[in-house]
Structure formats: structure tokens, C-alpha cells
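Side chains are part of it too, since the values below use all heavy atoms of this structure and drop only hydrogens, waters and symmetry mates. Just so it is clear, the structure is predicted and the values come from calculations on it, not from any experiment.
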Amino acid sequence: GAALTTVSNAAELVDPQGWGAKIEVMASAPALYCALLPYHDHVEHKSLAFRYPYSYTAIVIVRDRDGGRVKLDQGGRALVDYSLSAFDHTSLLEGVKRAIEIHMHAG
């Protein structure tokens, strides 16, 4: 069958040490697009649905250099302590910028 995703490494090596982001563009269909739109009323939903031909679904996945911690509390529940560092924030922004460029070049 057809490929369901395409991965770009255009933002993968924005740092000489190899830190950066991958951009994954997923296959989309009108039904999936419409199912994920916010719904306040049918007029607005229809208006947003008509924008489908100008959309695409992209995920920017950052390889974080400065990670956080996950601990378990006394009840066994995960406690996540994570803040995006300035370095990883820059990697994320580079990924988003390159995803926008991909969208612009696609027309």
C-alpha cells in the first residue's frame, strides 16, 4: 500500500553535535481532519472544513539534550519533572520553521 508518513531530517542536524528535530508529515483524510476540528456550531465547523485543501499534518519531534526526570510516588504513579531547556527550545523552533518551509514549498 501507499506510505502513510514521510519523515524529513531537514532539522535533524541544526547543531554540530547532532541535536535537532525530525519532521514527520502524516497522511490525512478529510474525515480525520474534520473529526479533529473544534466544534462550536455547524457553520463554523463547515467553514473550517473547507480549509482542508490548504492543510497538512506535521509532527516536529525534538531529540532533547537536556531531559527531565520521572519518579514514582508512593502509590506507584509517575511524577514527571520536565521543563524545555533554552537549547531544546531552539531545536524545536528550528523544526517548526523547517516544517513551515516544507508546507510553503509544497504550495
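Listed by chain and number, the residues in a side chain to side chain contact (heavy atoms under 4.5 Å, CB included) with R65 are W19, F87, D88 (sequence neighbours excluded). Residues satisfying the side chain to side chain contact (heavy atoms under 4.5 Å, CB included) test with R77, not counting sequence neighbours, are D73.
Annotation for Y82 and D64: closest pair OH-OD2, 3.1 Å, computed over non-hydrogen atoms. Between Y33 and S28 the shortest heavy-atom distance is CB-OG, 4.3 Å. In terms of heavy atoms, S91 sits closest to A21 at O-CB, 4.1 Å. H45 approaches P38 most closely through the heavy-atom pair CD2-O, 3.6 Å.
Side-chain contact between S83 and D66 is absent, with no heavy atoms from C-beta onward closer than 4.5 Å.
Considering CG of L37 and NZ of K46, their distance stands at 14.0 Å, rounded to 0.5 Å. Note that NZ of K71 is 8.5 Å distant from CG of L79, once rounded to the nearest 0.5 Å. Annotation: the span from L36 atom CG to T57 atom OG1 amounts to 8.0 Å, rounded to 0.5 Å.
Side-chain heavy atoms closer than 4.5 Å link hydrophobic residues (I, L, V, M, F, W, Y) into clusters, and following such links, even through other members, never connects L32 to Y39. Residues V70 and V62 are members of one and the same hydrophobic cluster, defined by side-chain heavy-atom contacts under 4.5 angstrom among Ile, Leu, Val, Met, Phe, Trp and Tyr. Tracing side-chain contacts under 4.5 Å through hydrophobic residues (I, L, V, M, F, W, Y), one never reaches V7 starting from I23; they form parts of separate clusters.
The main-chain N or O of A10 is found under 3.5 Å from a side-chain atom of R98 such that the two form a donor-acceptor pair.
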Candidate pair L92 and V60, rule side chain to side chain contact (heavy atoms under 4.5 Å, CB included), full reasoning: CA-CA 7 Å; L92 177 61; V60 178; 4.0 Å; yes
What verdict does the side chain to side chain contact (heavy atoms under 4.5 Å, CB included) test give for I102 and S8, after you've listed the backbone C-alpha separation in whole Å, the side-chain angles of each residue and the deciding distance to 0.1 Å? CA-CA 9 Å; I102 290 169; S8 169; 3.9 Å; yes
Begin from the C-alpha positions of Y52 and C34 and carry the test side chain to side chain contact (heavy atoms under 4.5 Å, CB included) through to its verdict. CA-CA 8 Å; Y52 173 75; C34 290; over 6 Å; no
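The hydrophobic cluster containing I59, built from Ile/Leu/Val/Met/Phe/Trp/Tyr side-chain heavy atoms closer than 4.5 Å, also comprises M26, I61.
Annotation for F50: atom CZ does not count as buried by contact number, only 12 or fewer foreign heavy atoms lying within 6.0 Å. Heavy-atom contacts from other residues, nucleotides or ligands closer than 6.0 Å to NE2 of H103 number more than 12.
A salt bridge does not link E101 to K97: none of the charged nitrogens lies less than 4.0 Å from a carboxylate oxygen.
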